[in-house]
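For the numbers below, each heavy atom of this structure counts, side chains included, while hydrogens, waters and symmetry mates do not.
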Amino acid sequence: MIDKIEGYTYILGDDINTDDIVPSNALTLRDTTEMAKNTLRYLRPNFVGMVTKNNIIVAGENFGTGSSREEAVNVFKILGVKAIIAKSFARIYFRNLINLGIPGIQLNWDKKKFSHGDHLEITLNKGLIFNKTKNKEIDFKKLPDFLTKILEDEGILNQLKKKLFKG
Amino acid sequence: MSYTIAEKILLNHSNHKSVVPGQFIECEIDLIMVHEQLGGRIHKEYEKLGIDYVWDPNKIFFILDHWVPAPTISAAEMHQDCRIFAEKYKFIHNIGMNRGICHQVLPEMGFSRPGMLIVGSDSHTTTYGAFNCLSTGIGATDVSVVFATGNLWFKVPESFKINLKGKLNKGIMSKDFILKLIGDLTTKGAIYKSLEFHGDGVKDISIDGRMTITNMVVEAGAKFGVFLPDVKLTKWLEERTDITYKYVYPDKDADYEKEFNYNLSEITPVVAKPSNPGNIVNVEEEEGIEIDQAFLGSCTNGRMEDLRIAAKILKGKKIDPNTRLIIIPASTDIYKEALKEGLIEIFINAGGIFGHSTCGPCIGGHMGVLGPDEVCISSSNRNFVGRMGAPSAQIYLASPATVAASAINGKITDPREVL
């Protein structure tokens, strides 16, 4: 169950594209752990060294714009990112997030709501984020039930597997 | 109920009696296009499902185009993996790596027809909307879902109506129009929307030009870009398929979230400045910026119309000695046609480099990777940091005419000055 998620914010800006997240020249790497070492390599050269197993990305508008490369979600998963909050998501990126079991939360935010390194607790089925650092409750629009179900099943392939092999 | 084209086609592929924008529905997929993603990610994901079949090996269009022929060992391994998968699951349309770029080859072979619902493992899958069908990009896991079930969930999008009138002036191309539209909408202005292209202006846009427009709607965030059908489309399809199809028109009182009007005769040459496709300015503002490389090609602009205008500009001239001009046709059929028309000789005599069809330089893959601080003017679709090579390289997006004109002068040039 991933209903409650706890972690620390890492702030990113607007229009972070899939080439920023996984540069093309890292795309042919066969080893995904090696590929993940290239995450945001040009934009935030220190990102991979700084990100820990309990980070929540907080980004601006149009997060994940660009290519359909699912690697741009998978590298965050490998690095242990627990959720991504953004003012808006590119369409394919949002699907890829949910499909791989990472909550994507669309929320208009400002510095009053989140700063770098804030300790957050997200309750998905209530549409609620508690910012422990700022002692502040923030509401967000809950995902449609069938998307929440994909997250509960830890990704759409796990869900599909259950459907294919039931009984 | 009255429907837009997107609503109509999605409804026709679902088991619902009606649909409204915002509704989540399950749809049956007519065709899925996959490229190197198959070996890059899909294969591993699909194997996890533990099934030994795909839903319909006849509805999968599989092609290698991004890194062909393989420039590195890891790309070659990816291709090996792709072939193993395609053979194991007995894909019928296993195209290989010698036909060209997916978004050109698939329509050329008559696979995109009016009314269809097509998905593909590439964001520029929106291209097929030029053929009055719905098509959009998906990631590897969604591809696996389609491979297993033939179905996929969709959110019914709101539609924007784009009314076109008038005719593009000499030296102005549909690329200038779509760049202008992306600049006006911004790169997030059409997230999740379907862009429907209407109006008298459509009849004067070639099929090549329409493909350039639908190819790039995703740069404004759009889910679909779709043209109404006309005689040009009928003729195009007649030459390429015997399969019957039915045109899809929107209902007269269909509901559009927004409406935009463009007079094509007012469009002027523009460029997208580094490093965002929505960073649009008139070419005059950037004229004189020195370039190291000019690239003409990609799924956006590697078609006959593009090669012909470039040849017209380059005929009998030499490119600037400090500039490289790389020209790559979008498909092998286009390569042959360019050969027949004598265009390749014109390019080579002008000092250009003409290559086989591949995505190559557009993704910084091979055949024209940019070095540190280099400046490139490109007919492709994305100018993100590091997209074509070194992260410090600067990419300007422009029409094939602007690319060719700039190659001659070694600096960004308004094509109207050389035509």
With a 4.5 angstrom heavy-atom cut-off, is it the side chain or the backbone of [X] that approaches chain A, or both, or neither?
X         : result
Lys44(B)  : side chain
Ala148(B) : side chain
Glu36(B)  : neither
Gln37(B)  : side chain
Asn381(B) : neither
Trp67(B)  : side chain

Under a 3.5 Å distance rule, please check whether [X] uses its side chain to pair with a backbone N or O of [Y] as donor and acceptor.
X         : Y         : answer
Asn62(A)  : Thr187(B) : yes
Lys161(A) : Lys48(B)  : yes
Arg95(A)  : Asp142(B) : no
Ser24(A)  : Ile363(B) : yes
Ser74(B)  : Leu29(A)  : no

Could you pull out the closest heavy-atom pair between Ser68(A) and Ser121(B), with the gap in Å? OG-O, 3.1 Å
Compare every heavy atom of Phe89(A) with every heavy atom of Ile191(B), then report the nearest pair and how far apart it is. CG2-O, 3.4 Å
Quick one: what part of [X] sits under 4.5 Å from any heavy atom of chain B, side chain, backbone, both or neither?
X         : result
Leu97(A)  : neither
Pro144(A) : side chain
Arg69(A)  : both

Note: Lys188(B)-Asp14(A) ion pair, threshold 4.0 Å (strictly below): no
